[in-house]
Participant: 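Before we start, here is the structure in question, set down as structure tokens.
Chain naming here is simple, since letters A, B, ... match the order of the sequence lines and numbering starts at 1 in each.
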Amino acid sequence: MPELPEVETVRRAIRSELEGRRVASARICHPRTARRHARHTDVEDRLVGRRVNRVGRLGKFLLIGVDGDLTWVMHLGMSGRISLCEPGDPMEIHTRFWAEMEPGPSLRMIDPRTFGFVAVFTPEELDGSTLARLGADAWEDLPSAGWLFEAMRSRTTPIKSLLLDQRFLAGLGNIYSDEVLHRAGIHPTRRSGGLSLEEVGRIRSEVRPVLAEGISRGGVSLDDLAYLLPDGRAGGFLEYLAVYGREGLACRSCQSPIRRMVINARSSFFCPECQAGP
DNA sequence: AGGAATTCCTGTAAGC
DNA sequence: TGCTTACAGGAATTCC
């Protein structure tokens with residue numbers, strides 16, 4: 001599942017292939033992928049002929065500024081990936097969107113489960129979308145411990161759930177939030193409002209290092225290889241994860257077996273020794 | 001308004 | 001072997 005480090009890896013890889021170039025043609029291959037628009041042809045019509053100015057990112061969203069003050073938005077959802085290839089390359093199964101650039105390689109989105117989407121927004125549409133309600137970016141704009149503590153203190157939801165809430169903080173998903181909580185020594189079901197300023201500070205101080213390591217290793221490619229880098233290589237961070245996907249295996253710090261529990265209908269992995277219960 | 005449940009979707013794996 | 005079922009989960013939506 002692509003999270004901030006995976007999306008940032010994609011952003012860095014496609015940036016030089018898009019910026020300054022023009023969209024020669026574009027196609028939505030699955031209507032659900034353009035579900036933010038009334039007509040899926042809106043995406044195609046708005047993109048064609050536009051020049052790319054800047055390839056940016058907010059949380060897990062790729063935000064690509066193009067001519068005409070439009071923002072080309074791509075989200076990879078659960079199973080999406082971006083592929084750079086030549087226009088004549090055989091079309092992979094589950095290709096949901098493609099854009100031919102002039103000059104340069106084409107961009108394709110492959111997304112079996114169609115949780116991802118592509119949109120092209122005017123400034124007004126962007127402002128009215130849920131993107132406008134995203135929290136601060138966890139990598140570029142991480143709030144202070146004091147700010148996080150204040151924002152948490154009235155909340156009863158488990159800290160794991162809050163870290164997944166993109167309106168609170170944008171970029172962490174199920175893998176990286178588990179890794180942050182393990183490094184910080186905080187149990188995932190702890191009530192957000194019950195954490196001390198010192199504990200919030202520990203969480204805060206682990207966010208950027210975990211994301212940095214994920215980015216430097218090209219992100220996490222799971223065994224299903226749903227996420228790959230735009231050149232087709234797999235990310236290498238999986239084997240360095242401390243808790244995610246390691247149920248029953250020894251904690252790298254204390255050798256206790258890693259446990260799995262379900263919080264808000266998703267798996268959470270934690271060390272019962274390093275992360276004391278509520 | 002916050003928090004929890006539900007929905008979307010398909011490849012994979014487990015179970016009978 | 002072949003079918004059915006469970007599972008994975010990001011974000012939007014709905015309900016309480």
Participant: According to the salt bridge (Lys or Arg N to Asp or Glu O under 4.0 Å) rule, which pairs have a member within residues 207-223 of chain A, sequence neighbours left out?
Facilitator: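 Listed by first then second residue: A:Arg183-A:Glu213, A:Glu213-A:Arg217.
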
Participant: For A:Thr157 and A:Arg191, run side-chain contact (heavy atoms from CB on, under 4.5 Å): C-alpha distance rounded to whole Å, both residues' side-chain angles, the deciding distance at 0.1 Å, then the answer.
Facilitator: CA-CA 6 Å; A:Thr157 199; A:Arg191 302 291 122 178; 6.0 Å; no

Participant: From CZ of A:Arg266 over to C1' of B:dC8, roughly how many Å is that when rounded to an integer?
Facilitator: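 About 12 Å, once rounded to whole Å.
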
Participant: Rounded at 0.5 Å granularity, tell me how far CE in A:Met152 sits from CG in A:Leu169.
Facilitator: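 Here the rounded value is 8.5 Å.
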
Participant: Show me the pairs that pass ring-ring contact (aromatic ring centres under 6.0 Å, His included) and involve residues 126-167 of chain A, at least two apart or across chains.
Facilitator: none

Participant: Using whole Å, what does the distance between atom P of nucleotide C:dA12 and atom CZ of A:Phe117 come to?
Facilitator: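 Atom CZ in A:Phe117 sits about 7 Å away from atom P in C:dA12.
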
Participant: Provide the full list of salt bridge (Lys or Arg N to Asp or Glu O under 4.0 Å) pairs with a residue in residues 78-88 of chain A, sequence neighbours left out, each pair given once.
Facilitator: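 Residue pairs with at least one partner in residues 78-88 of chain A: A:Arg81-A:Glu92.
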
Participant: Could you list all N or O pairs between the protein and nucleotides 9-14 of chain B that sit under 3.5 Å apart?
Facilitator:
from, atom 1, to, atom 2, distance (Å)
B:dG11, OP1, A:His94, NE2, 2.8

Participant: Find the distance A:Asn174:CG to C:dG9:P and express it as a whole number of Å.
Facilitator: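 To the nearest whole Å, that distance equals 5 Å.
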
Participant: Rounded off to whole Å, could you give me the CG-to-P distance for the A:Leu4 and C:dG10 pair?
Facilitator: 13 Å

Participant: Could you state the atom-to-atom distance from CD1 of A:Ile175 to P of C:dG9 in whole Å?
Facilitator: 9 Å

Participant: Kindly indicate whether the side chain of A:Val220, heavy atoms from C-beta on, has any atom under 4.5 Å from the side chain of A:Glu6.
Facilitator: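 A side-chain contact exists here, since the closest heavy-atom pair is under 4.5 Å.
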
Participant: Just grab all the ring-ring contact (aromatic ring centres under 6.0 Å, His included) pairs involving residues 33-55 of chain A, residues at least two apart or on different chains.
Facilitator: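 Residue pairs with at least one partner in residues 33-55 of chain A: A:His37-A:Phe121.
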
Participant: Please list, chain by chain and in numerical order, all residues satisfying ring-ring contact (aromatic ring centres under 6.0 Å, His included) with A:His187, sequence neighbours excluded.
Facilitator: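 Here the qualifying residues are A:Phe270.
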
Participant: Identify whether any heavy atom of A:Arg36 sits under 4.0 Å from a base atom; if not, whether one sits that close to sugar-phosphate; answer base, sugar-phosphate or nothing.
Facilitator: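 Counting heavy atoms under 4.0 Å across all strands, the contact made by A:Arg36 is with sugar-phosphate only.
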
Participant: Determine whether a donor-acceptor pair (N or O, by modelled atom type, separation under 3.5 Å) exists between the side chain of A:Gln275 and the backbone of A:Pro188.
Facilitator: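 Pair absent, no side-chain N/O of A:Gln275 close to backbone of A:Pro188.
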
Participant: May I ask you to list the residues of residues 71-83 of chain A, by number, that have any heavy atom positioned under 4.0 Å from an atom of DNA chain C?
Facilitator: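 Output list: A:His75, A:Met78.
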
Participant: Taking only residues at least two apart or on different chains, which pairs with a member in residues 46-59 of chain A satisfy side-chain hydrogen bond (donor to acceptor under 3.5 Å, both in side chains)?
Facilitator: A:Glu8-A:Arg57, A:Arg46-A:Glu125, A:Arg57-A:Asp137

Participant: How close or far is atom C1' of C:dG10 from atom CZ of A:Arg35, stated in whole angstroms?
Facilitator: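 Atom-to-atom, A:Arg35 to C:dG10, this comes out as 10 Å.
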
Participant: To 10°, what angle do the rotation axes through the five end pairs on each side of the helix from B:dG2-C:dC16 to B:dC16-C:dG2 form?
Facilitator: 50°

Participant: Residues two or more places apart in sequence or in another chain: which of them pass side-chain hydrogen bond (donor to acceptor under 3.5 Å, both in side chains) with A:Thr130?
Facilitator: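 Partners of A:Thr130 by the side-chain hydrogen bond (donor to acceptor under 3.5 Å, both in side chains) criterion come out as none, since no residue qualifies.
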
Participant: Which heavy atom in A:Ser221 sits nearest to a heavy atom in A:Gly235, and how many Å separate them?
Facilitator: OG-N, 2.8 Å

Participant: Polar pairs (N or O, both sides) under 3.5 Å between protein and nucleotides 2-4 of chain B?
Facilitator:
from, atom 1, to, atom 2, distance (Å)
B:dG3, OP1, A:Thr156, N, 2.4
B:dG3, OP1, A:Thr156, OG1, 2.9
B:dG3, OP1, A:Thr157, N, 3.3
B:dG3, OP2, A:Arg155, NE, 2.5
B:dG3, OP2, A:Arg155, NH2, 3.0
B:dA4, OP2, A:Thr157, OG1, 3.1

Participant: Could you tell me whether A:Arg153 contacts a base, only the sugar-phosphate backbone, or nothing, with contacts defined as non-hydrogen atoms closer than 4.0 Å?
Facilitator: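 Counting heavy atoms under 4.0 Å across all strands, no contact is made by A:Arg153.
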
Participant: Are any non-hydrogen side-chain atoms of A:Phe97 and A:Leu47 less than 4.5 angstrom apart?
Facilitator: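 When only atoms from C-beta onward are counted, A:Leu47 and A:Phe97 do touch, with a gap below 4.5 Å.
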
Participant: Show me the donor-acceptor pairs, under 3.5 Å and distance only, between side chains in residues 70-77 of chain A and residues at least two apart or in other chains.
Facilitator:
from, atom 1, to, atom 2, distance (Å)
A:His75, ND1, A:Gly77, N, 2.8

Participant: Would you mind reading off the distance between A:Asp165 atom CG and C:dG9 atom P, rounded to a whole angstrom?
Facilitator: 17 Å

Participant: Within the 4.0 Å heavy-atom criterion, would you say A:Tyr176 contacts the bases, only the backbone, or no part of the nucleic acid?
Facilitator: nothing

